[in-house]
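First the structure, in the form of structure tokens, and then the observations on it.
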Amino acid sequence: GNVTVDPKRAYRWFYQAWALGDLDGLNALGVMINEGQVVDRDPELAFATFALVKAGAAPGPTQQRAVNNLAPLEPSVSEARRQSLACMTLGALDQRLESLTPVREAPFRRRTLTEPDRRLGELSDVLAPHYSREACASTGAEL
């Protein structure tokens, strides 16, 4: 039928899917952020979302999409930035993604993060080589 494309609402619904724990929603947010659709383009934030999806998804299509999305970003994310991303907490990532939501309508169902203080470097094999508790503690990095 007649479906109107609304990227602002799409971002909102992808965020809502992520808020409910859906990694395809998080991957879609990464695509929108990487392409600058309705939000400022931020390849490094997109890199973090794809790394988290790759780490959290079971082997299959969702994980493969994350791997495919990560590959072109690998060369553009510096070592220093990877270390910063590795120190970012899961809660900080979630807050950042929610803050970018361009449409504020009905309240979001808040994501129940079981471990919002976990660092992305503890969760992602892509960011793990750039993570150390000492480095994160010394910089106070949370992004």
Side-chain angles (χ1 to χ4, degrees), residues 3-133 135-143:
V3 176
T4 303
V5 175
D6 186 343
K8 289 179 181 180
R9 288 190 191 275
Y11 186 97
R12 177 184 180 275
W13 286 112
F14 289 140
Y15 178 80
Q16 182 66 27
W18 158 240
L20 295 172
D22 184 89
L23 292 173
D24 281 314
L26 181 59
N27 192 67
L29 289 173
V31 170
M32 292 186 83
I33 291 165
N34 187 47
E35 293 177 358
Q37 294 181 29
V38 305
V39 296
D40 289 336
R41 185 171 188 268
D42 188 341
E44 294 163 351
L45 182 59
F47 183 87
T49 65
F50 299 141
L52 189 56
V53 172
K54 179 182 180 277
T62 299
Q63 187 181 65
Q64 191 56 54
R65 280 190 289 279
V67 168
N68 293 344
N69 290 328
L70 267 170
L73 294 176
E74 290 271 354
S76 66
V77 180
S78 71
E79 291 294 315
R81 191 62 182 139
R82 287 176 196 229
Q83 184 176 359
S84 294
L85 293 171
C87 289
M88 178 186 266
T89 65
L90 186 57
L93 174 70
D94 186 55
Q95 288 175 348
R96 179 96 182 269
L97 294 171
E98 184 177 18
S99 74
L100 296 175
T101 304
V103 174
R104 303 281 180 194
E105 289 179 349
F108 285 108
R109 177 171 177 201
R110 292 296 303 155
R111 178 162 169 59
T112 305
L113 299 171
T114 57
E115 301 177 75
D117 294 334
R118 290 284 304 272
R119 306 280 182 171
L120 298 186
E122 296 173 306
L123 300 169
S124 164
D125 61 336
V126 172
L127 295 172
H130 311 282
Y131 171 76
S132 76
R133 288 179 193 234
C136 293
S138 69
T139 62
E142 197 168 325
L143 296 182

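- Annotation: salt bridge (Lys or Arg N to Asp or Glu O under 4.0 Å) contacts of D40 (sequence neighbours excluded): none.
- Considering only heavy atoms from C-beta on, N34 stays 4.5 Å or farther from N69 through its side chain.
- Of all heavy-atom pairs spanning F50 and A66, the tightest one is O-CB, 3.6 Å.
- Counting only heavy atoms from C-beta outward, the side chains of L85 and V77 approach each other to under 4.5 Å.
- Closest approach of H130 and R82 over heavy atoms only: NE2-CD, 3.5 Å.
- To the nearest 0.5 Å, atoms CE (M32) and OG1 (T49) are separated by 12.0 Å.
- The shortest side-chain heavy-atom distance between Y11 and I33 falls under the 4.5 Å cut-off.
- No side-chain heavy atom of R119 sits under 4.5 Å from any side-chain heavy atom of L127.
- Looking at V53 and R65, their side chains never come closer than 4.5 Å, going by heavy atoms from C-beta outward.
- Between the OG1 atom in T62 and the NZ atom in K54 there is a gap of 14.0 Å [rounded to 0.5 Å].
- Counting heavy atoms from C-beta on, the side chains of T89 and D94 never come closer than 4.5 Å.
- Partners of E44 under the salt bridge (Lys or Arg N to Asp or Glu O under 4.0 Å) rule, at least two apart in sequence or in another chain, are R81.
- Counting all heavy atoms, side chain and backbone alike, G30 lies closest to A46 at O-CB, 3.4 Å.
- The number of heavy atoms from other shown groups lying within 6.0 Å of CZ (R41) is above 12.
- Residues V39 and L100 approach most closely at CG1-O, 3.5 Å, considering heavy atoms.
- Expressed to the nearest 0.5 Å, how far SG of C87 lies from CD of E122 amounts to 9.5 Å.
- For the pair L52 and L90, the minimum side-chain heavy-atom distance is below 4.5 Å.
- Put simply, the side chain of L26 does not reach to within 4.5 Å of the side chain of Y15, judged on heavy atoms.
- P72 and P75 get closest at one heavy-atom pair: O-CD, 3.5 Å.
- Residues K8 and V38 approach most closely at N-CG1, 3.7 Å, considering heavy atoms.
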